[in-house]
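All remarks here apply to the structure that follows.
Please read all numbers here as calculations on a predicted model, not as lab measurements.
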Amino acid sequence: MADDEQKTPQEDETAEGQEPQEDSTTEGQEPQAAGPVADEGSSSSQAAGEDPSSAPPAAESEAADAGAPAAAAPVREDGERVKASPLARRLAKEKGLDLSSIAGSGPGGRVVKSDVEKASAAPAGVAPSTQPEGATPAAETAKGETRIQELTKAQQVVARRMAESKATAPHFYLTLEIEMTKAVAARKAIKAAAREGDVVPSFNDMVVKACAIALTEFPKANGAYKDGRFELYSRVNVGVAVAAEEGLVVPTVFDADRKGLRQIAADTRTVAAKVRDGSITPPELSGGTFTVSNLGMFGIEEFGAVINQPQAGILAVGAIREAPAVRDGQIVPAQLMKVTLSCDHRILYGAEGAEFLARVRQLLEEPVSLAL
């Protein structure tokens, strides 16, 4: 028998402003659907000597439905059963409202009469207030009106992983400056020689290739610290951080050490497009062994990136800028770029990280080696 089939209208209003006590059901258990739900006040009305036959017509119509099977208790999107007083259930039914869409202000989130009335009075498409009864609405502060925006599932994952990374991986950072003058000239030559429709590698593609070569020479940089052990991977898969609408996503360029610059460029564009149209696959997001994050296109000269767990490191790449440099005692114009390597000190120590970064610089300052 459903809750509202056992009670009289007085059960919700035993005292002004009070609601019946919560169900005494043990946490984690649900009452039997076919049996009566735990008493929510009917005994108090009978103890007061109230004659059931004196119930108003609404109660009589409920009694007439007593033989009908109990309806399944509504549930919210998260699977939690909706708690509601009998009067609230009846009012919601009369007004054609879905109880699972109404926020409860009673004890334990219980939906009460006033919640249903607020929901029915709210304009179409506007959710009723979730403030508990009697609470004073927050006054507008110097920050203005506050708008709450829920995170998407992707944003929740990014937030959790970044927090875990900073909390569990002891980061340290190594920064150096790379002269990209020859790399800039090499890219101009590649672009000039390219035919229509050819993919022209970007400077970030050059960085990915340089990292891939260096990773083969420094195995721990291509590994991870997990469960008190080092994991060293045979494949060199470089993740490329891509800004998507829902947050930062890191698709993978697989076997980057075995691919030429043009193929790396083509692969990078393919996975970036998949991220933006939502067709990227889980293996393409989870197969990376090292990550490159580039904010140079936004004019950022230097930054420290958060490690993409459980990888050993991530390289943050800044903008290429024209600046004076000293060669053979002479000041000459040069194209300079700063990079910062974030290392997990549990697997990649200071000297090893410095040697790895020096090798990346050597490869980029003599870009012909990227084609070998």
Side-chain angles (χ1 to χ4, degrees), residues 165-166 169-187 201-223 225 236 238-241 250 253 256-257 261 264 268 288-308 311-372:
S165 179
K166 289 294 284 187
H171 287 54
F172 73 92
Y173 307 91
L174 302 171
T175 301
L176 56 71
E177 196 166 58
I178 299 174
E179 184 174 340
M180 295 289 287
T181 306
K182 291 183 180 179
V184 170
R187 186 174 184 275
S202 66
F203 295 117
N204 198 64
D205 297 324
M206 294 181 176
V207 173
V208 169
K209 179 62 177 178
C211 286
I213 294 173
L215 288 167
T216 63
E217 301 170 13
F218 296 88
K220 285 205 289 185
N222 193 54
Y225 176 91
V236 176
V238 180
V240 181
V250 186
V253 177
D257 58 320
L261 277 176
I264 288 175
T268 300
T289 58
F290 185 84
T291 298
V292 171
S293 180
N294 192 333
L295 292 178
M297 67 286 294
F298 299 109
I300 302 301
E301 294 186 2
E302 180 182 350
F303 69 103
V306 179
I307 294 170
N308 186 17
Q311 296 170 11
I314 180 172
L315 188 70
V317 182
I320 297 175
R321 68 197 189 286
E322 191 170 25
V326 178
R327 291 201 201 102
D328 301 324
Q330 301 293 319
I331 297 177
V332 296
Q335 302 288 335
L336 304 177
M337 178 181 76
K338 285 186 178 180
V339 296
T340 299
L341 178 66
S342 303
C343 306
D344 182 343
H345 212 319
R346 296 173 299 179
I347 179 171
L348 198 56
Y349 307 145
E352 294 168 313
E355 290 173 356
F356 170 81
L357 202 51
R359 178 58 171 148
V360 171
R361 176 173 61 183
Q362 181 183 37
L363 290 163
L364 289 171
E365 289 185 343
E366 297 293 339
V368 65
S369 57
L370 301 178
L372 299 178

So, taking the atom named CZ in Arg361 and the one named CD in Glu177, what distance separates them when rounded to the nearest 0.5 Å? 9.5 Å
Restricting to non-hydrogen atoms, name the atom on Met206 and the atom on Leu261 that form the minimum distance, rounded to 0.1 Å. CA-CD2, 3.8 Å
Student check: side-chain heavy atoms of Ile264 and Pro201 closer than 4.5 Å: no
Side-chain touch His171/Ser165, heavy atoms, less than 4.5 angstrom: yes
Of all the heavy-atom pairs spanning Cys211 and Val292, show the shortest one and how long it is. SG-CG2, 4.0 Å
Taking Gly288's backbone N and O only, do any of them form a donor-acceptor pair with Gln311's side chain (distance below 3.5 Å, no angle check)? yes
What one should report as the nearest heavy-atom pair of Arg359 and Ala214 is CG-CB, 3.9 Å
So, do Thr216 and Asn222 sit near enough that their side-chain heavy atoms are less than 4.5 Å apart? no
So, applying side-chain contact (heavy atoms from CB on, under 4.5 Å) with Thr291, which one of Ile307, Leu315, Val250 is it? Val250
Within this structure, what is the CG-CE distance for the pair Leu295 and Met297, rounded to the nearest 0.5 Å? 7.0 Å
Does any N or O in the side chain of Ser342 come within less than 3.5 Å of the main-chain N or O of Ala305, such that one atom is a donor and the other an acceptor? yes
Roughly how far, to the nearest 0.5 Å, is the CD1 atom of Ile320 from the CZ atom of Arg187? 9.0 Å
Phe290 and Phe356: ring pair (Phe, Tyr, Trp, His ring centres under 6.0 Å), yes or no, with the steps? CA-CA 12 Å; Phe290 185 84; Phe356 170 81; 5.5 Å; yes
Residues Cys343 and Gly353: closest non-hydrogen pair is SG-CA, 4.4 Å
Does any part of the side chain of Val207, heavy atoms only, come nearer than 4.5 Å to the side chain of Leu364, both counted from C-beta? yes
Does the ring center of Phe298 lie less than 6.0 Å from the ring center of Phe303? no
Minimum heavy-atom distance Leu336-Pro324, with the two atoms named: CD1-O, 4.4 Å
Only one of Leu174, Thr175, Val360, Leu357 passes side-chain contact (heavy atoms from CB on, under 4.5 Å) with Val339; say which it is. Leu357
Whether Asp344 side chain and Arg346 backbone form a donor-acceptor pair below 3.5 Å: yes
Please step through side chain to side chain contact (heavy atoms under 4.5 Å, CB included) for the pair Asp257 and Leu215, ending with a clear verdict. CA-CA 8 Å; Asp257 58 320; Leu215 288 167; over 6 Å; no
Compare every heavy atom of Pro333 with every heavy atom of Glu322, then report the nearest pair and how far apart it is. OE2-CB, 4.1 Å
Does the side chain of Val208 come within less than 4.5 Å of Val240's, by heavy atoms? yes
Is there a side-chain contact between Leu348 and Tyr225 in this structure, where contact means two heavy atoms from C-beta onward sitting under 4.5 Å apart? no
